[in-house]
**Student:** 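Please find one structure pasted underneath; my questions will follow.
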Amino acid sequence: MWTVLVLGLQVLIIMAWHGLGSPTQLLDPIIFEDILSIFITNAVLRVIQVVVDIAFSWRTKQTIRSDQILRFTLKLSLAVAWAIILPIFYASSQNYRACSAKQSKTFLGMFCLSKYMMVVALYLASNVIGMALFFVPAVTNYIETSTWRICSMLSWWCQPQLYVGRGMQEGLVPLLKYTAFWMILLSSKFLFSYYFEIKPLVGPTKEIMKINMNKYEWHEFFPQVKSNAGAILAVWSPIILVYFMDTQIWYSVFCTIFGGMCGIIHHLGEIRTMGMVRSRFCTLPEAFNMSLVPPAMPKEKKGMFPSFLEKKVFKKLGKDERLDPTKFALVWNQIINSFRSEDIISNREMELMTMPMSLEHSSGSIRWPLFLLAKKFSEAVDMAANFTGKSAQLFSKIKKDSYMFCSINDFYELTKTIFRFLIIGETEKSVVAVIFNKIEKSIQNSSLLTDFKMDHLPSLFSKFDRLAELLYLNKHEHRYEVTILLQDIVDILIQDMIVDAQSILDVVNSSERLISDDDGAFGYYEPELFASVSSITNIRYPFLDGQLSQQKEQVKRLYLLLNTKEQVAEIPSNLEARRRISFFATSLFMDMPAAPKVRSMLSFSIITPYFMEEVKFSDEELYSNQDESSILSYMQKIYPDEWKNFSERIGPKITNDEIRYWASYRGQTLSRTVRGMMYYRKALRLQAFLDRTSDQELYKVPLATEKGKNKRNIHQSLSAEIEALADMKFSYIISCQKFGEQKIKGDPHAQDIIDLMTRYSVLRVVYIEEKEVIVNNAPHKVYSSVLIKAENNLDQEIYRIKLPGPPIIGEGKPENQNHAIIFTRGEALQTIDMNQDNYLEEAYKMRNVLQEFVIHPRDQAPTILGLREHIFTGRVRFHYGHPDIFDRIFHLTRGGISKASKTINLSEDVFAGYNSILRRGNITYNEYIQVGKGRDVGLNQISKFEAKVANGNSEQTISRDIHRLGRRFDFFRMLSCYFTTVGFYFNSLISVVGVYVFLYGQLYLVLSGLQRALLHDAQTQNIKSLETALASQSFLQLGLLTGLPMVMELGLEKGFRASLSDFILMQLQLASVFFTFSLGTKAHYYGRTILHGGAKYRPTGRKFVVFHASFTENYQLYSRSHFVKGFELVFLLIVYHIFRRSYVSSVLHVMITYSTWFMAVTWLFTPFLFNPAGFAWQKIVEDWADWNRWMRNQGGIGVQPEKSWESWWNAENAHLRHSVLSSRILEVLLSLRFFIYQYGLVYHLNISQDNKNFLVYLLSWVVIIAIIGLVKLVNCASRRLSTKHQLIFRVIKLLIFLMVVTSLILLYCLCQLSIMDLIICCLAFIPTGWGLLLIVQVLRPKIEYYAIWEPIQVIAHAYDYGMGSLLFSPIAVLAWMPVISAIQTRVLFNRAFSRQLQIQPFIVGKTKRR
């Protein structure tokens, strides 16, 4: 890759230097010959590559085989030979002008072939075989894996003989796809670099080379150097770095574009809102049956083309089977019930969203959930009442809205059924029957508007509305009102609506009956309809308990149909419920493997590593009387609807344990993870039941169980079989590393884990047991892995495996997984972090996902299935290894899923992917299923996490895994691997280094006087390429690089208007500030770990972050990673601003410095900006006192870095003690950059009187030595005199002060020392002092026991105290303005404010407890 970029840069520079205007000019002999010089560069780079390979293998020289020595020798010899031959022939080749004068008549003569060209052709011939094999990957795979002698020879020459890394080539079609992708990307990158980076810089460079610089503004060591090489280097260096870095930007842009296209093709975001869900709900049963229901008959394997036709063209085949909504209704209701159990919907919403168990009307139409029909019936009533036209037109208009038509059918069927049960009087039955017959006949004859007066329909509807409400209440005191309402309904129909009501009146008039009065006399009376006379009852109301159970669902549905007043768009009201329903509906239309029956699916296990995190929140955390700042009160405000739903579900008798679980399910706790993973078993049980039961029998089994013991026994047998089948296919293991210790110590976490096992009977826990036994009269520690379950609320041992020694010898998390993996079973293994979640609707797709292992050919079958993650603590989706599903058998036979070597395998999940690919595995990513994931939500937590990931990527960069992948992948696949993994972090580092290179280059130009000469004499201020480079750097710095994919993802899933709105809102919430700060975190920890090592796991904590972090804590965390670098940028910018003078235009100055000022200020103040109550005056006072206490405390053995500056300072620089010699030398060389300030600035002092002699610089060191001497003197006096001779110590300090003041006065009087000179001296000597501190830290092991070390430590203390004070001052000033604190709180807790939550009490309370 670097070879291609270097050669590309050379070609672009040659083209720009010759001023190419069109591609045809490349055929010009002179230009063509110059471009061919890239092969000389390539030969030299090949020599460097071979030398580096040998250097990397040098440590294995004792064990390296002779054939490998021969291979390295031949490669080095051949590379050196070409590096010598090509330059010789290039230098001796004939001049093109002489060649072109001959004008050969042959066809080849027109190209004027020289000897050098012939040698180049021979040089390229060696790569012809490789180019040919690139387009035939099957042949390459065969050569790498074959045992033939000739194949072994070819493989031996190309790659070292290893077991891993062979036969990894993709198929031809994927190869052509990503080759085309990278060809387009690289073409765009090179075109952009040529026209906007390289070409605009060539003209100014030529002008710079012509200028004769005679007078410098400092002492120039090499004044005779021609062409102003230093200026050219200063101008070109940042451009070159951007050239090498901006491929990452192009990769991000192209991934966004092509990813968006793939998302559209795969239906991602096809159903984005609840409005879309409602409009397409009628298609969900068919899609559900196609995707999640196993086919009744096993499908025959078909070819690609017939399968495509069946999926895409002949979709209507078998439609009757696929349209049956029975199974969908049952699963949908289970999903809605899970929503209710999670309290994200209310009881009313659950009733509105549940599909009725009797799915079809007598007319054959489906009875949909009421949230689809809400308000539809009232709209239909209004439409019919005000309609003018024919009945057929009205019917046609109603049928266009399927949900309106369904609501009318639903109302009619429900009314008919309820009246049939409610009315028991014969006359009343006859009257109602005649009315219904009249209605049905009118509908059949399309004469409804003729036979009925529809203008009275609203009044009839209001009567039915009240009747449904009374029937639902079912109270005896409403009996009279029910009778009146029934009479009113009949009266409105007969008197006001039916045009010809004579037939109904005849029935009423013939209803006279002989009844007796109180005197015993008999007579004929005409009683009122539905009224009870004497002992005769004409209606069955109120319903008795036995009768109510039969009619309850019909009455409730009618009541909800008529009484749902809220808008359709408001159901459900919870945003999480909306998101989950939308994604589930979308996923049904995505391409996923057909679901097998549960009996035929692959079995799988889940493993979750757990250390000491929260299982569920304790009472102490939930409850607090301090300013109402407990976690529970915070959650009640953040999730008010869910708390209300919880209270409604539980009722008035809410137990403390239920509250703990409710709160824990909204945090990043183990309880939440376990609940989510156990949804898999619940889904499997239902799927197994559906597999065993036909659609017609679905509702017979539950009914049959109520009819007798025989049937009940059958049901119990089926239930036991389903339970056993679910247990066969699913198991869940939690690896609780410290459970044994927790149980012995009585830690509440141990009992919480036992409670979880009791709550979920199939849950199993594995822990490490450490026992001390006596062997041969000596104590001996025995380690075991123990598998336990819960029995009678106690833990019971199932299996025990004795271990050969302590299992945690590497990284903790992977080792925790490794010792427990033996207890997993099945063909697949899903790794789940303890801060993840799952959902029931997603669990139904698990058997589809597992089919990914089966449906592909054996050599293309995936070995790792990547799953989509939804971050439930924020909006960003992030995927890096969990919750991947592993082919368990594949990985257990190839080293396991978790490499655990200390330090190098910090990111064990990424190495699992590398390991799989190197062993000819395949990894796929599936968008149709998602798993919840928690992420750190505070800035300090996020920074620690990003530091850990950056450390992990630096270890990956130097690992043999990534080296082997890079060497074994083809070129374009290697580019994808690089820019997706370590390349992102390396380019982040390059972007930051580019800023420093640019500023130090400008500092060199300004202080040396070159910039004045260049801008005045050459008029080169219009250097567009510099502006482009700065824009590219800003593009990365402001987070737009990482923001583009997010915008595309949100655009697909929410719509591009919503995504743009979210993106703008993020910027208003200072997302650019956060991304710039994050860039500094990545660059610092990646670069430091590459240079010195020392990667380590950084615990971040997973609790709610609503507390204030102290100034001391922020300084400890960010001092070296951000604050020091921020101050360095500020110093560079101040010096540049002072000495740029008037010859630099203001516009150019702003263009050059605006993004760097933004970066500097961001790095200095972001931790305080994103710190809750960061500008509260009370907190400022407390932080200042804490800061001074921390700075004063003495360090030493046993003193933690959090307690003392000295201990922190020693720990912060401890990595230098273990660094290798080359890294120490490089650290010293990097520290020398701070000396350029002093060297350049001392010559600009008025006191120097324009003297450019080197002696001026040497004299400046006298000042530094004097300062160090004074510090040493004060330190010795303080140590020896400050306790017993306080007066003498104060006199000495006074004398030193007077001596310094006297020296300054003398310099002012004799040497014209000015105030500006003092400022410039500070700018010169402060960076020099810091550079010296960095160097002595590297040399510490050699000098820390000498007397010089004490003043060095005092100076370091002064530097940190000075930096802290400079940071604290503007914060304290801003804290005086209450509006600043209010604005900050609003930005940080925007979601809380949207819920009318006063966040300040929570912050204060949290801080008090800390």
Side-chain angles (χ1 to χ4, degrees), residues 334 337-344 605-610 612-619 621-622 632 635 642 645-646 649-651 653-686 719-720 722-724 726-727 729-736 738-740 742-743 746-767 786-798 820 823 830 832-840 842-843 931-932 934 1102:
Q334 289 293 322
N337 288 336
S338 74
F339 283 10
R340 185 65 194 93
S341 65
E342 296 174 18
D343 299 316
I344 58 177
S605 295
I606 300 176
I607 185 170
T608 297
Y610 168 82
M612 300 285 286
E613 298 87 351
E614 288 294 331
V615 180
K616 59 182 179 181
F617 292 127
S618 64
D619 291 337
E621 290 173 306
L622 284 182
L632 181 60
M635 287 185 174
E642 296 180 25
N645 296 338
F646 170 70
R649 177 172 60 89
I650 301 300
K653 298 180 180 179
I654 300 179
T655 64
N656 190 48
D657 194 54
E658 289 169 336
I659 293 176
R660 289 179 64 191
Y661 273 111
W662 181 87
S664 301
Y665 290 153
R666 278 140 192 87
Q668 300 184 50
T669 61
L670 184 63
S671 299
R672 180 174 189 163
T673 303
V674 172
R675 181 195 66 173
M677 296 309 117
M678 294 309 295
Y679 278 141
Y680 283 127
R681 189 171 186 274
K682 186 174 182 180
L684 286 175
R685 290 171 56 199
L686 179 59
S719 177
I722 290 172
E723 294 282 344
D727 291 339
K729 298 299 180 180
F730 169 77
S731 63
Y732 187 20
I733 301 292
I734 302 178
S735 182
C736 300
K738 298 289 186 179
F739 175 78
Q742 291 173 329
K743 188 172 64 171
D747 192 324
H749 288 81
Q751 186 58 47
D752 289 341
I753 291 171
I754 295 175
D755 292 343
L756 274 181
M757 289 192 290
T758 304
R759 197 179 185 96
Y760 304 101
S761 59
V762 299
L763 178 64
R764 299 292 181 261
V765 168
V766 180
Y767 69 95
V786 184
L787 178 71
I788 61 172
K789 66 177 181 179
E791 192 73 35
N792 297 324
N793 207 26
L794 298 171
D795 58 300
Q796 179 180 352
E797 182 178 319
I798 304 175
F823 296 108
Q830 186 176 24
I832 293 292
D833 275 341
M834 66 75 49
N835 63 335
Q836 296 200 241
D837 195 5
N838 196 22
Y839 316 112
L840 181 62
E842 301 304 313
V931 176
R1102 295 186 170 115

**Student:** Kindly indicate, with the supporting measurements, whether the criterion side chain to side chain contact (heavy atoms under 4.5 Å, CB included) is fulfilled by Phe339 and Leu840.
**Tutor:** CA-CA 9 Å; Phe339 283 10; Leu840 181 62; over 6 Å; no

**Student:** So which atom in Arg672 and which in Gly667 form the shortest heavy-atom distance, rounded to 0.1 Å?
**Tutor:** CD-O, 3.2 Å

**Student:** Taking side chain to side chain contact (heavy atoms under 4.5 Å, CB included) as the definition, give me every residue that meets it alongside Asn656, ordered by chain and number, with sequence neighbours left out.
**Tutor:** Asp619, Tyr623, Arg660

**Student:** Is the shortest side-chain heavy-atom distance between Met757 and Ile788 below 4.5 Å?
**Tutor:** yes

**Student:** Who are the salt bridge (charged side-chain N to carboxylate O under 4.0 Å, His left out) partners of Glu797, not counting sequence neighbours?
**Tutor:** Arg800

**Student:** What residues form a side chain to side chain donor-acceptor pair (under 3.5 Å) with Glu642, not counting sequence neighbours?
**Tutor:** Asn574, Arg666

**Student:** Measuring from Arg681:CZ to Arg685:CZ, what's the distance to the nearest 0.5 Å?
**Tutor:** 5.5 Å

**Student:** How would you list, by chain and number, every residue that makes a salt bridge (charged side-chain N to carboxylate O under 4.0 Å, His left out) with Arg649, sequence neighbours excluded?
**Tutor:** Asp343

**Student:** Can you list everything that forms a ring pair (Phe, Tyr, Trp, His ring centres under 6.0 Å) with Tyr661? Sequence neighbours excluded, please.
**Tutor:** Tyr665

**Student:** Please name the pair of heavy atoms, one in Val674 and one in Leu763, separated by the smallest distance, quoted to 0.1 Å.
**Tutor:** CG1-CD2, 3.9 Å

**Student:** Are the side chain of Thr608 and the backbone of Ile832 linked by a donor-acceptor contact shorter than 3.5 Å?
**Tutor:** yes

**Student:** So do the side chains of Asp657 and Lys616 get within less than 4.5 Å of each other, counting heavy atoms only?
**Tutor:** yes

**Student:** Which heavy atom of Asn793 sits nearest a heavy atom of Asp755, and at what distance?
**Tutor:** OD1-OD1, 3.6 Å

**Student:** With Tyr732, which residues qualify under ring pair (Phe, Tyr, Trp, His ring centres under 6.0 Å), at least two apart?
**Tutor:** none

**Student:** So, do Val762 and Met678 sit near enough that their side-chain heavy atoms are less than 4.5 Å apart?
**Tutor:** yes

**Student:** Who pairs with Asp747 by salt bridge (charged side-chain N to carboxylate O under 4.0 Å, His left out), at least two apart in sequence or on another chain?
**Tutor:** none

**Student:** Look up atom CE in Met635 and atom CG in Leu622, then write down how far apart they are to the nearest 0.5 Å.
**Tutor:** 7.5 Å

**Student:** Closer than 3.5 angstrom, by distance alone: can the side chain of Gln836 be matched with the main-chain N or O of Asp833 as a donor-acceptor pair?
**Tutor:** yes

**Student:** With rounding to the nearest 0.5 angstrom, report the OH to CZ distance, Tyr839 to Arg675.
**Tutor:** 9.0 Å

**Student:** Does Met612 reach the side chain of Lys738, with side-chain heavy atoms less than 4.5 Å apart?
**Tutor:** yes

**Student:** Is there side-chain contact between Arg340 and Asn645, with at least one heavy-atom pair below 4.5 Å?
**Tutor:** yes

**Student:** Specify the closest pair of heavy atoms between Phe730 and Met677, including all atoms of both residues, with the distance to one decimal.
**Tutor:** CZ-O, 3.6 Å

**Student:** With Glu658, which residues qualify under side chain to side chain contact (heavy atoms under 4.5 Å, CB included), at least two apart?
**Tutor:** Phe646, Ile650, Ile654, Thr655

**Student:** Measure the CZ-OG distance between Phe823 and Ser735 for me, rounded to the nearest 0.5 Å.
**Tutor:** 9.5 Å

**Student:** For Arg764, what residues pass the side chain to side chain donor-acceptor pair (under 3.5 Å) criterion, not counting sequence neighbours?
**Tutor:** none

**Student:** Mind checking what makes salt bridge (charged side-chain N to carboxylate O under 4.0 Å, His left out) contact with Lys743, not counting sequence neighbours?
**Tutor:** Asp795

**Student:** What pairs with Asn337 under side chain to side chain donor-acceptor pair (under 3.5 Å), at least two apart in sequence or on another chain?
**Tutor:** none

**Student:** Can you tell if the side chain of Ile607 reaches within under 4.5 Å of the side chain of Val766, non-hydrogen atoms only?
**Tutor:** no

**Student:** Distance check, rounded to the nearest 0.5 Å: Ile753 atom CD1 versus Ser671 atom OG?
**Tutor:** 9.5 Å

**Student:** Which atoms form the tightest heavy-atom contact between Val765 and Cys736, and what is the distance?
**Tutor:** CG1-SG, 3.8 Å

**Student:** Going by atom types alone, do Gln742 and Tyr767 pair a side-chain donor with an acceptor below 3.5 Å?
**Tutor:** no

**Student:** Taking atom CD of Gln830 and atom CG of Asn838, what is their separation to the nearest 0.5 Å?
**Tutor:** 7.0 Å

**Student:** Which residues pass the side chain to side chain contact (heavy atoms under 4.5 Å, CB included) test with Ser341, sequence neighbours left out?
**Tutor:** Ser338, Tyr679

